[in-house]
Amino acid sequence: MKNVLFVASEAVPFIKTGGLADVVGSLPKYFDKTKYDVRVIIPKYLCMADKYKESLTFKTSFYMDLAWRTQYVGILETEYDGVKIYFIDNEYYLGGDKPYGEMFTDVEKFAFFSKAALSCLPLLEFRPDIIHCHDWQTGLVPVYLKDRFYKDPFFYGIKTIMTIHNLKFQGIWDLNKTRDITGLSMYYFTPDKLEAYGDANLLKGGLVYADIITTVSNTYASEIKTKFYGERLDGLINARSNCLRGIINGIDYVDYNPETDNYIKKKYSIKNFRKQKIKNKLALQEELGLEVNSKKFMIGIVSRLTDQKGFDLIAYVMDELCSLDIQLVVLGTGDEKYENMFRHFDWKYFDKVSANIFYSEEMSHKIYASCDAFLMPSLFEPCGLSQLMSLRYGTVPIVRETGGLKDTVEAYNEYENTGTGFSFANYNAHEMLDTIRYAMHIYYNKKRDWNKIIDRGMAKDFSWKSSAKEYESLYDDMIG
Ligand code: ADP
Ligand code: GLC
């Protein structure tokens, strides 16, 4: 049996702010349980839903040094869908109303979490062969491991993986303060280790010290070697490119399944979507106060409203977009400027645009199931899960060719009748608009071809089946 521990800052269904939670919460279920014992450790945030907090059982507690402080560490556990999940408890660090806040508190919070995740292992009597870390919040795990923990025979020889879900977020903070918070010696704060451009950088620590680096698509793995996508760490990424691999994300095919989804009005499959999917659209139009018209080309967006997702392209042509023969349904929260933009256009084009500025799992499923197309013109996209959810629900993605979007959406070719969506290459608002117009043309004038695009998209397999196998073989390569 090979033991693997996922260390991350979020996991569905317990706590989620983005795709990271989907990955950490679903991937562990899909390993071969006869060969891999994959467990997960995440923080127990006070803002977690009560029903999840109440489902945890207390395992143990101890006090841990973090630099000059001594802190309480509680460990709780549960089993969810056959996966053992541990939670680290400390109300001082994890008491806010959301998982992340200001960087100066987050750096200390996740230094605490990273060290606690290692410190608790002997008490849990679980010795991982591999610790699989996700994003900057866990960047200190490989550093702490190779610092003090390695001197303890329990830890000696444990391998680490650092998976980059988003290189933009690195956990950057003042060098001296970070040294003070982490308790690491000055030895670590040099340009070949945690220092970058004068500050301390937690993700960089992980990228330097992890045995293997992965990211969530092949295209993003090569993009981050360039200056444009490298977020000022392209030099380091290039230096470690022998240890870098791209493994595409999957989605949970049980949670996201139009044949069994209880959130949606009418369940459907690849066989009957032509007749049934439209009933979801009518129900959503009714619910959101849009013109109830089965023929209208309905475009969906479910997203964090940030620059990463290409919203400045949308903002630039929003009036032109709204003057097309479309409906636009948006679900998202984020930057105020985008929230307000969508609210404004919802007011201006009340029967065409619906802005839902909140977070709702249920509404997201309804949008994936009801819309004709799904818009995701990202500036960069390490993988992207929303387009995979759209494909699964027969909603045709319109994307920019970057990162995982490029690897998962095949552009429609009218002459060869191939492709699962529509895409454009340059970060240009009118290129996006032309692509939307082209998709509209196929939808309104070549309905048979449109339906075949859906057929091909729904037939694709973006479950975890093949990617979990890739992680398994990576683990095998690392520990033999
Ligand atoms: P990212 O992780 O960069 O935000 P992904 O496409 O990988 O992007 O994952 C986003 C996840 O968050 C998807 O599961 C998507 O459905 C969900 N999501 C984003 N915004 C909302 C929202 N407002 N309500 C419900 N789900 C949302
Ligand atoms: C990040 C990325 C997104 C990816 C997700 C899960 O949030 O922005 O592209 O799908 O992580 O890996």
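Ligands are counted one by one from 1 in listed order, and the atoms in each one are counted from 1 as well.
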Arg392 to Tyr253, cation-pi by 6.0 Å centre distance and 45° axis angle: yes
Given that the side chain starts at C-beta and the backbone is N, CA, C, O, which of these parts of [X] lies under 4.0 Å from ligand 1, counting heavy atoms, or is it both or neither?
X: Tyr368; result: side chain
X: Ser303; result: backbone
X: Met389; result: side chain
X: Lys309; result: side chain
X: Asp22; result: side chain
X: Ser360; result: backbone

Considering non-hydrogen atoms of the protein only, which is the closest contact for [atom], and what is the distance?
atom: atom 18 (N) of ligand 1; result: Val302 CG1, 3.8 Å
atom: atom 26 (N) of ligand 1; result: Tyr359 CE1, 3.4 Å
atom: atom 4 (O) of ligand 1; result: Arg304 NE, 2.7 Å

Tell me whether [X] at atom [atom1] has more than 12 heavy atoms from other residues, nucleotides or ligands lying less than 6.0 Å away.
X: Glu286; atom1: CD; answer: no
X: Glu102; atom1: CD; answer: no
X: Lys267; atom1: NZ; answer: yes
X: Lys406; atom1: NZ; answer: no

Nearest option to atom 17 (C) of ligand 1, as decided by whichever heavy atom of Glu362, Lys16, Glu10 sits closest: Lys16
Heavy-atom nearest option to atom 6 (C) of ligand 2, drawn from Thr215, Thr306, Asn249, Val216: Asn249
Non-hydrogen atom of Gln308 closer than 4.0 Å to ligand 2: yes
Close approach, Gly404 and ligand 2, non-hydrogen under 4.0 angstrom: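 Checking ligand 2 against Gly404, which is what was asked, there is no heavy-atom contact under 4.0 Å.
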Of all the atoms in ligand 2, which lie at a distance below 4.0 Å from a heavy atom belonging to [X]?
X: Val23; answer: 6 (C), 12 (O)
X: Asn166; answer: 8 (O)
X: Gly384; answer: 3 (C), 4 (C), 9 (O), 10 (O)

Matching residue for Trp450 among Tyr412, Tyr438, Phe297 - test: ring pair (Phe, Tyr, Trp, His ring centres under 6.0 Å): Phe297
Among Trp173, Phe110, Phe169, Phe113, the one residue meeting ring pair (Phe, Tyr, Trp, His ring centres under 6.0 Å) with Trp136: Phe110
Any Cys383 heavy atom less than 4.0 Å from ligand 1: no
Salt-bridge contact Lys296-Asp372 (side-chain N to carboxylate O under 4.0 Å):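 No, Lys296 and Asp372 are not salt-bridged.
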Short N/O distance, under 3.5 Å, between [X] and ligand 1?
X: Gly19; result: yes
X: Leu385; result: yes
X: Leu20; result: no
X: Glu361; result: no

Distance-only N or O hit between ligand 2 and Glu381, under 3.5 Å: yes
Establish, from distance only, whether the side-chain atoms of [X] and [Y] form a donor-acceptor pair under 3.5 Å.
X: Tyr100; Y: Glu10; answer: yes
X: Glu401; Y: Ser423; answer: yes
X: Thr260; Y: Asn262; answer: no
X: Lys98; Y: Thr17; answer: no
X: Asp252; Y: Tyr30; answer: yes

Candidate pair Tyr427 and Leu313, rule side chain to side chain contact (heavy atoms under 4.5 Å, CB included), full reasoning: CA-CA 8 Å; Tyr427 196 67; Leu313 293 189; 3.6 Å; yes
Subset of ligand 1 atoms that lie under 4.0 Å from at least one heavy atom of Gly332: 23 (N)
Ligand 1 atoms in contact with Gly384 (distance to a heavy atom under 4.0 Å): 6 (O), 7 (O)
